[in-house]
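Remarks on the structure that follows.
All of these numbers come straight from a predicted model, not from anything done at the bench.
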Amino acid sequence: MSEEAKSLNFIEHIIEEDLANGLKKEALRFRFPPEPNGYLHIGHTKAIGISFGLGERYNAPVNLRFDDTNPAKEEQEYVDAIKADISWLGYKWANEVYSSDYFQQLYDWAIDLIKEGKAYVDSQSSEAMAQQKGTPTQPGVDGPFRNRSIEENLDLFLRMKNGEFNEGSHVLRAKIDMQHPNMLMRDPLMYRILKKAHHRTGNDWCIYPMYDWTHGESDYIEQISHSLCSLEFKPHRELYDWFKDQIYKYQPESLPMLPKQREFARLNLSYTIMSKRKLLKLVEEKIVSGWDDPRMPTISGLRRRGYTPNSIRKFVETVGVAKRDNVIDVALLEFCIREDLNKTAPRVMAVLDPIKVVITNYPEGKVEWLEAENNQEDDAAGFRKVPFSREIYIEKDDFKEEANNKYFRLTLGKEVRLKNAYIIKGEGVVKDEKGNITEIHCTYTEDTTIKVKGTLHWVSIAHAIKAEVREYDRLFLDEAPDAHQDKNFMEFINPNSLKLVEAFIEPSLAEAQVGDRFQFQRLGYFNVDNDTTSETLIFNKIVGLKDSWAKQVAKPQQNNVVTERSRSERKAIDVIQQLGKKYTNLPEAKQEKIKAEILELAKNVSYEELEPLFNTAAKKVGTRIAAMLTLNVLLKNGQDKNEAISDFIEKALEDSNDILVAEAKAI
RNA sequence: UGGCCCAUGGUGUAACUGGCAACACGUCUGUUUUUGGUGCAGAAGAGUCUAGGUUCGAGCCCUAGUGGGCCAACCA
């Protein structure tokens, strides 16, 4: 197997460089550190994919570490959900660990720091401390307890631990620099008193370590080589390194690896939100049915919706890793799931919006079980039987009494193919008193070799099973619902994100199990929802098929204008501009050729079209040359010189590019 | 009135300093097809935010500007 030259992202570059500088491959170790205070969403999948992906790439262990230092928000339920989600995605962690496993070690180190005069107990209100901390643009000032004696600090900290004080009365702080430009370095809190039971340590502790103190040291204890997190932690890196430096000297032999924190941009998805807090609001306000509502961007939501682990991993891989803010088009996610399901999902027929068709020359009471291919993309998928009879349902959209010849579906007098069955011809309609069509009458022929433009899906009315279909649309109408300073994301909620439909499906689906995925032919991919009971089959629409017909219909007539224009020649000036772009990069022979082309095209350019090009940035020499050539032609054809023209020529004469100067001189 | 990070087609990512900036999605053509799907073939779309500088040569290095993001929780 030849290693394909896949380009590396910046994190992989860093690792390769570390490896090249002597880091042992065996020393590579990663971690994914969720806080068990909510459900994982598609954004987390990126972080999961990066660290676990690196683990797979380098065959290195990846720890799943729950960052559980805040008993007020964390629960076992979330631990379980997170584990289930990561497993479902197909990743395996080396060790399941908890920051709380390290509480004693962290405490011991904190004592060491106090003894060194690197940490102290502060006994002010949080308001007072915030006051002294300053702002991003103003330095902070030292507080009154900053220079307590080591003995006093030791005594106070011990009594904090023993539960002698109330919440909020004392904290332990690192003693760094209240004037530091990085606010995180202004004597950050290491411990606070919290008299709450912890989901793992119970009531063992009433002081809990803060994130910065805990996270880096947990990395260090686990000997993580590369600690990868999202961009907002960049300012924390300085503190991460500071703590690490203090602790390292205590045991450089037993814990030699100093972890390295690096940051990447988190993933944003268009038409949705990623904030746990905002997602929670959707749940609490019953906008959705729960964290696993199929419209939610949570992993559990996507799973219930019918997304496959493969498609999500592929998505995260395709999205890439970099440091700039980004918004990924949901169309990419949809592409990934279609790509996966196209290869694997069995095809079946289902009618979501039925209209009755009577095949008048088909015998009443006759039933044929016709052979249908399960998946033409998969030779192993085999065949099944579908029942055909005199009365069937087709989609309302698939019939028009009359239509132009761009419409491939059923009309009166025209023939279409019924998928897996015969060819029918529209003969007439039956209408109710209001003029609504209630039945379409057709005749059929068994000659299936006839060429027809359209193929329709259908179900036999007598054999069809009823099912509930839940069709989803995006939850928000805005591309970036939480990116508006002046508007609340709740204002953009799509009131029609869920549509319930009573559908008619082919009888083979009677056996469908929860979680099974199908392609309803010509409609999209669907899966069987958890809510399914023995009486009612319920399907979720995962994603629709691409629909170029719908796109055509949606486009107004302007479409024609556009195609009309694009069919006709592009404007000469545009072509000239494009040719000019690359002019200076070309070898001389080719330059000559391009020049001739430009001179020819210039004959069809008006001065009004050319003048804007005079403002071309000095740097874009090619475009200026092309403009100069064009100008020359115009002048020869009788264009009068004006101030703009003279300026343009003058500036060109002063340029350092010889070609430009030469062409300017030629005028 | 600060510090740090970022800036490449519509979107997301590539590009060991050296040939006309690559890939994916999206868009558009054509074609195949018992899915207006898939497949196949192709097209349009970028002078790499701006202005300088270094260099024979800059998307890449330097300076300044502009634009965007992050930083003032006893959250993570």
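At whole-Å resolution of the value, OH in Tyr240(A) and P in A76(B) are 16 Å apart. Straight-line distance from the CD1 atom of Ile328(A) to the P atom of G26(B): 14 Å, rounded to whole Å. Following rounding to the nearest Å, Phe388(A) (CZ) and U34(B) (P) show an atom-to-atom distance of 18 Å. Between Phe10(A) atom CZ and C6(B) atom C1' there is a gap of 11 Å when expressed in whole angstrom units. Here the P atom of nucleotide U38(B) and the CG atom of Leu523(A) are 14 Å apart, to the nearest Å.
Asn342(A) comes within 4.0 angstrom of a nucleotide base, judged by non-hydrogen atoms across all strands. As judged by a 4.0 angstrom heavy-atom cut-off over every strand, Leu332(A) is placed among residues touching the sugar-phosphate backbone only. Residue contacts for Gly580(A): at a heavy-atom cut-off of 4.0 Å it reaches a base atom on one of the strands shown. Using a 4.0 Å heavy-atom cutoff across all strands shown, Gln519(A) reaches at least one base atom of the nucleic acid. Contact annotation for Arg338(A): no contact, since no heavy-atom pair falls under 4.0 Å across all strands. Phe408(A) comes within 4.0 angstrom of a base, heavy atoms only. At a threshold of 4.0 angstrom between heavy atoms, the contacts of Met129(A) include nucleobase atoms, whether or not backbone atoms are also involved.
Scanning atom types as modelled, no donor and acceptor separated by under 3.5 angstrom connect the side chain of Gln376(A) and the base of U38(B). Donor-acceptor pairing under 3.5 Å, judged by distance alone, is present between the side chain of Arg347(A) and the base of U35(B).
Separation of the C1' atoms belonging to U48(B) and U29(B) is 28 Å when rounded to the nearest angstrom. Nucleotides U17(B) and C60(B) place their P atoms 13 Å apart, quoted to the nearest Å. Here the separation of C40(B) from U33(B), taken at their C1' atoms, is 11 Å to the nearest Å. Separation of the C1' atoms belonging to A44(B) and C6(B) is 30 Å when rounded to the nearest angstrom. Separation of the C1' atoms belonging to G47(B) and U31(B) is 35 Å when rounded to the nearest angstrom. To the nearest whole angstrom, the two C1' atoms, one in G65(B) and one in U11(B), are 27 Å apart. Between the P atoms of G26(B) and U63(B), the separation comes to 41 Å (whole Å).
Remark: ring of Tyr211(A) not stacked against base of A76(B); the cut-offs of centroid gap under 5.5 Å and plane tilt under 30° are not jointly satisfied.
When the side-chain nitrogen and oxygen atoms of Lys323(A) are compared with OP1 and OP2 of C6(B), one or more of them lie within a distance under 4.0 Å. Listed pair Lys546(A) / U38(B) meets the phosphate criterion, a side-chain N or O lying under 4.0 Å from OP1 or OP2. Between A76(B) and Arg192(A), a contact under 4.0 Å exists linking OP1 or OP2 to a side-chain N or O. At the phosphate of A76(B), OP1 or OP2 sits under 4.0 Å from a side-chain N or O atom of Thr69(A). A sub-4.0 Å separation between OP1 or OP2 of G37(B) and a side-chain N or O of Ser548(A) is present. Checking the phosphate oxygens (OP1, OP2) of U27(B), a side-chain nitrogen or oxygen of Lys551(A) falls inside 4.0 Å. Taking side-chain N and O atoms only, His180(A) has no distance below 4.0 Å to OP1 or OP2 of A72(B). For Asn37(A) and A76(B), the shortest distance from a side-chain N or O to OP1 or OP2 is not below 4.0 Å. At least one side-chain nitrogen or oxygen of Arg522(A) sits closer than 4.0 Å to the OP1 or OP2 atom of G36(B).
Residue Tyr102(A) is tested with Thr214(A), Val97(A), Thr69(A) for a side chain to side chain contact (heavy atoms under 4.5 Å, CB included); the sole match is Val97(A).
Across all strands shown, U63(B) forms a Watson-Crick or G-U wobble pair, both distances under 3.5 Å, with A51(B). In a base pair of the Watson-Crick type (N1 to N3 plus N6-O4 or O6-N4) or a G-U wobble (N1-O2 and O6-N3), with each distance short of 3.5 Å, C4(B) is matched with G69(B). The partner of C28(B), taking Watson-Crick or G-U wobble pairs whose two distances both stay under 3.5 Å, is G42(B).
Inter-residue side-chain proximity for Tyr211(A) and Phe233(A) is flagged as met; some heavy-atom pair is nearer than 4.5 Å. When side chains are defined from C-beta on, Pro71(A) counts as touching Tyr208(A), because their heavy atoms get closer than 4.5 Å. Side-chain contact between Pro33(A) and Asp67(A) is present, with at least one heavy-atom pair separated by less than 4.5 Å.
Distance check: Arg522(A) CZ to Arg409(A) CZ gives 5.5 Å after rounding to the nearest 0.5 Å.
For the pair His236(A) and Asn420(A), both in contact range of RNA chain B, the more 5′-proximal nearest nucleotide belongs to Asn420(A). Mapped onto RNA chain B by nearest heavy atom, Asp547(A) and His13(A) fall at different nucleotides, with His13(A) at the one closer to the 5' end.
In this structure, the side chain of Asp547(A) engages the main chain of Ala550(A) through a donor-acceptor pair within 3.5 Å.
A cation-pi arrangement is present between Lys323(A) and Phe10(A) under the rule of less than 6.0 angstrom and at most 45 degrees off the ring axis.
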